[in-house]
Amino acid sequence: MSQPTLESILQENRLFPPPPAFAQQARITPERYEQLCREAERDPLGFWERLAREELHWFKPWQQVLQWDPPQAQWFVGGQLNLSYNCLDRHLENGRRHKTALIWEGEPGDIRTLTYEQLHQEVCRFANGLKALGIQTGDRVGIYMPMIPEAAMAMLACARIGAAHTVVFGGFSAEALKDRLRDAEAKAVITADGGWRKDAIVPLKPQVDLALAEGVPSVEKVLVVQRTGQAVEMTPGRDIWWHELAPTVSEDCPAQPMDAEAMLFILYTSGTTGKPKGVVHTTGGYNLYAHITCQWIFDLQEEDIYWCTADVGWITGHSYIVYGPLSNGATVFMYEGAPRPSKPDCFWELIARHRISIFYTAPTAIRAFMKSGDALPRQHDLSSLRLLGTVGEPINPEAWIWYHTVIGNERCPIVDTWWQTETGGIMISPLPGVTATKPGSATRPFPGIQADVVDLEGDPAPAGGYLVIRQPWPGMMRTVYKDPQRFRASYWEKIPPKDGQYFYFAGDGAHRDEDGYFWVMGRVDDVISVAGHRLGTMELESALVSHPAVAEAAVVGRPDELKGEAIVAFVILSDGQEGSESLRQELMQHVVTEIGAIARPSEIRFTDALPKTRSGKIMRRLLRNLAAGSGISGDTSTLEDRGVLERLRQEV
Ligand code: WT7
């Protein structure tokens, strides 16, 4: 673990109080906030229990709010509910039957709108379709989809029948898909022929075919949604078109009551070893946490039109495109594509066309927009916006100010939300009607969340240390799928428990300022964040060494103006290999094939040796310095062969 560094972010001290017009009508006012914090402090379990009772529908009440057998938490033990019921059925009876649930726009410009009643119907049909394919409660189902309404329907259909989904981002390669389907032992895969992205068709079904050709014995059926219409191969007996199955199944499918602790989904994320972790979330706690954070942090009001630009393949898409907003009965906007050379201003055009009021995106996107200038957003009517959000990586104050002035017209509060795949929902964030924001700070923990910055002994280290959570919360991950030992080791033992106090270790470095605000500095482990996407250095290295020309590889992140971090690989070639430009391109492509386009290295440097300690450990700190073009600083006394550094420096 490296020491968190403080110089990575300029401290920015300007304070932006909530705009008065916003604060006056906010769901959570300063008075309400005080009450909630007091309640959560006095009786944390009573706080979550009250919210679970008031905010969700339960088929059966729980016997125990929390069973905490560290690090194993169970929430609402004995209770039964269904997440798809909470996202759909209950809105049919509470006045939202004809309210728009989903507005979707495809890249070619096609638009679909579904009311809650219509979405409910589609999800019921989808759920019956899954049943017709033999999917049962407790099975796992892979979802590998473009950003089309059927992606959300597929997730909700799984939740409805109690099958756990594992959504694999459509940008991941066949190889990455295969690993995840295998680990999850998925019984079926839901996919599409392809999707539209940047004016081109991204083929998905062929990737599924490739993944399955390598052998994923658990997969029996592949359900294919037709989106792009190009010819795809269909394997008889295994592959079924959704448009052929749909008319044969009924639209009556009552939601299956599920135990609060029934597995809802697995989502794979990068860690410090080569193998992605299957993060497991369960039904009750996750539903409550996604619901309440979405409602308070985004100040959801009945007439809002809410847009989160993430992909459903990431946790942000799970919690803040699908489950959080729909559980609240909100109107969700979903977009298939991405800004592209032919339409660099498509986001602003969409905001104007659909009268988006809440907009949630990533710093990497904001920095890219900022670079292309103020003229594009200024050409569009952004007056419908009232709240802006960011997530995924630290936002530099400059980008924050641009977002605030050019997009928010200085009217819209910005919520900088810190959280992780593992936390299920937002943990540290302003509440927009309450918190005065500081550009670059995620400000304060959500009510009921006990975040802290500590040293390796668990003692408070506000000036710079490790970000931890001190108490269990409903949305927390329950385990690493099939690997409870890894769950324990990755999150609960890095900072050992003391006096019965357990520390959830997030993997981020942070500091707290004099107002108690949190400043997240980025990862302190071997995880790189490229455009807000997590990639493990080990994962990248094993992808590289799986190429026959590579003997050894070390990968580090280099600060990047747009992407936050860029991937730099140091590669030692196998005997007899020459480090040519064409080999460099081939290796870059190889990583894309192994993991996906998000993992393409920005730079590959060939070398004859790597800086190692006497015990053989690669000194990544030195490689990071080299990659960043900064001089070698810090201690090099443990370096085994000092000549290596000299040679590496000369090669640049
Ligand atoms: C990591 C989690 C959860 C949403 C998307 C990413 C970084 C996330 C912030 C923020 C600074 C942030 C952290 C964290 N991160 N949000 N507002 N400020 N850093 O999910 O892939 O699980 O990655 O993203 O490093 O540990 P994820």
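Start at 1 and go down the list; that is how both ligands and their atoms are numbered. All of these numbers come straight from a predicted model, not from anything done at the bench.
- Classification of K275 and D183 as a salt-bridged pair holds, one side-chain N sitting under 4.0 Å from a carboxylate O.
- Below 30°, between 30° and 60°, or above 60°: for F265 and H318 the angle between ring planes is between 30° and 60°, a tilted geometry.
- Closer than 4.0 angstrom to ligand 1 by heavy atom are I315, T316, V391, G392, E393, P394, D416, T417, W418, W419, Q420, T421, D508, V520, R523, R534, sorted by chain and number.
- Every residue two or more places apart in sequence or in another chain was checked for a side chain to side chain donor-acceptor pair (under 3.5 Å) with T316, and none qualifies.
- In this view, W307 and F333, F347, F359 satisfy the ring-ring contact (aromatic ring centres under 6.0 Å, His included) rule, not counting sequence neighbours.
- In this structure, W473 has its ring center at least 6.0 angstrom away from the ring center of F446.
- Annotation: side chain to side chain donor-acceptor pair (under 3.5 Å) contacts of T417 (sequence neighbours excluded): Y360.
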